[in-house]
Amino acid sequence: MSSDSPTPGRTDGSAGRPMPPGALGRRAVLASAAAAPLLAGLTAAPASAQDDAARGTARTTARTGTRALQGGGDLGPNVYVFDPSTPDIQATLDDIFRRQESDQFGTGRYALLFKPGTYQGLNAQIGFYTSIAGLGLSPDDTTINGDVTVDAGWFDGNATQNFWRSAENLALVPVSGSNRWAVAQAAPFRRMHVRGDLNLAPSGYGWASGGYIADSRIDGQVTPYSQQQWYTRDSAVGGWSNGVWNMVFSGVEGAPAQGFPDPPYTTLDTTPVSREKPFLHLDGDEFRVFLPEKRTDARGVSWGNGTPRGTSLPLTQFYVAQPGVTAATLNQALEQGLHLLLTPGVYHVDEPIRIDRAGTVVLGLGYATIVPDNGTTAVRVADVDGVRLAGFLIDAGPVNSETLLEVGPQGASQDHSADPITVQDVFVRIGGAGAGKATTSMVINSRHTIVDHTWVWRADHGTGVGWDTNRADYGVVVNGDDVLCTGLFVEHFNKYDVQWNGERGRTIFFQNEKAYDAPNQAAVQDGSVRGYAAYKVGDAVTEHEGWGLGSYCYYNVDPTIVQDHGFAAPNRPGVTFHDLLVVSLSGNGQFAHVINDTGAPTSGTDTVPSTVVSYP
């Protein structure tokens, strides 16, 4: 295979051999050629970081007597690197899609990377656990005259299970003038430039339940059609045509005006704090990882005139991990001062991956998946500045973990406002691919943490699914102060989906479904309250704010179950909410109120939201 061939993952340009992958299955029911130049604002990795890595290597080697691990290296067989002269690109894309189109709970993981240049006549259909991305510093460095498509033919036109896939850092010129991206949860569309329209619905306009756009420019109209909810952040759109229940915008040029509940638009002029996700790029023939800088009161794309601002790290500062590596080796790399790049695949760990050094980056490619085997926590972050977690999935193991992801230890109190910890496109799953259990999925203890797009999911379908089989009491618990969530999707937990105990917390967009499989009213009784709230703010909290939050119920085992409310919070002036809704899907269970004792009940079998525009 020549260097012009799709190169499964080698940084030296040599060829590797593609490996085969792995099977199927969600809500089947829902009612009625040259590398880009280094641009202005780009800074190289500081010498101090390189010195720290060298000192860490020396300390680790001296203390343990183990051989030092090397940074950089092969990206593995499931990373495909294309350039415009690569032959048969379409055939390779089609082959991977055939494997992944319906492989909802399989083990195949793929990253499709395109070098800067122009590509003609491609239709990249994106299936499960597949990421497609350009390797420029700007999306416009890599142009596909063609489409990057997600549709729902595999599921009879129902797009509500189109999870776990992504598109990043590309410019598209759609063949028909409109690109189709019909996705559900955990399917980000980041740093994209669509020179045309963007259609978020499947062919035939079947059910759809997404989604998330960030740092993207869509020159034409965005047409959600059947999408029930969507969050768009720090982007620019030529127009937005409609909405079903909950469409939220922050920092979006061209966003529709505030209109909730009719039309169902929640529009914030800016995003208070944001920092875009790290991404792989090329400098000549060298892979590097770009770390975008933090923005406050952000509006529009970060790459506006092709001049991204931030820091670029060479791949030699990353331990490039392959599936099969042990947690001990990953921790050795971190102790040496290396960052982690997780290549596509499934990683089993028997101890937490411990991130103790400020500024550490853990970046996954192609939905790299971490599975704790023995009830351990999968990832644990110290209370330090600037850690960036991005682009991976944590899949609970069969032995119950008390927590799966911990950001900061209990009682964390350091001020991280200048350099926050960010958690971006980090997804959590309990069950579905097999029996899994976790008491709490994600705990945020560190102050000023930004959680930017997560889907934390207790599976409602697949294998290993049942009220106690994939028991998971809490989805996200926030104990730290000044935490911001932008794009928070949390579903189906046995108790609270979100419990927020920290002060001055903020959430922009929340999507939730209560657990379908509650056996009866008693199983979800919260003291004297019927049903655990989807989003509960702790009784002692004095300041909290949320915009565009929705919760749905579909109690299909016992449709007589009643939720007293979807949202619970102390009734005081500093705790405020804007644009809330609850929905009973086809009358399977009901809500008595929206928040606390405020808001009309849902009733009957009509899937019509009950809304509250402002609380208190």
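The structure displayed is predicted, hence computed values, not measured ones. Only this structure's heavy atoms are used, side chains among them; waters, hydrogens and symmetry mates stay out.
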Centroid separation under 6.0 Å, is that true for the rings of [Y] and [X]?
X: Trp181; Y: Phe189; value: yes
X: Trp164; Y: Tyr129; value: yes
X: His453; Y: Phe509; value: no

Salt-bridged, Asp140 to Arg217, with N to O below 4.0 Å? no
Under 3.5 Å, side chain of [X] to main-chain N/O of [Y], donor-acceptor pair present?
X: Asp141; Y: Ser138; result: yes
X: Ser176; Y: Ser178; result: yes
X: Trp240; Y: Asn242; result: yes
X: Asp234; Y: Asp215; result: no
X: Asn179; Y: Val148; result: yes
X: Ser235; Y: Gly300; result: no
X: Tyr119; Y: Phe114; result: no
X: Arg190; Y: Asn169; result: no
X: Thr92; Y: Asp88; result: yes
X: Asn162; Y: Ala182; result: yes

Assess Arg109 against Tyr367: is NZ or CZ under 6.0 Å from the centre of the six-membered ring, and within 45 degrees of the ring's axis?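 No, cation not above the ring by the 6.0 Å, 45° rule.
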A cation-pi test, strictly: NZ or CZ of Arg165 under 6.0 Å from the centre of the six-membered ring of Phe128 and no more than 45 degrees from its axis. Yes or no?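 Verdict for Phe128: a cation-pi partner in Arg165.
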Are Glu491 and Gln511 linked by a side-chain donor-acceptor pair shorter than 3.5 Å?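 Looking only at side-chain atoms, Gln511 and Glu491 do form a donor-acceptor pair, the distance falling under 3.5 Å.
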Thr343 and Gln322: side chain donor to acceptor below 3.5 Å: yes
Are Tyr212 and Asp452 packed together at the side-chain level, in the sense that at least one heavy-atom pair is separated by less than 4.5 angstrom? yes
Looking at side-chain heavy atoms only, is the closest gap between Leu282 and Phe287 below 4.5 Å?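 A side-chain contact under 4.5 Å exists here.
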Return the orientation label for the Tyr554 and Tyr516 ring planes: parallel under 30°, perpendicular over 60°, tilted otherwise. perpendicular
Please work out which of the three classes, parallel, tilted or perpendicular, describes the rings of Trp303 and His193, given edges at 30° and 60°. tilted
Mind running side chain to side chain contact (heavy atoms under 4.5 Å, CB included) on Arg429 and Phe163 for me, showing each step along the way? CA-CA 11 Å; Arg429 178 173 67 194; Phe163 314 136; over 6 Å; no
Provide the closest heavy-atom pair for Phe493 versus Ser441 in the form atom of the first, atom of the second, distance. CE2-OG, 3.4 Å
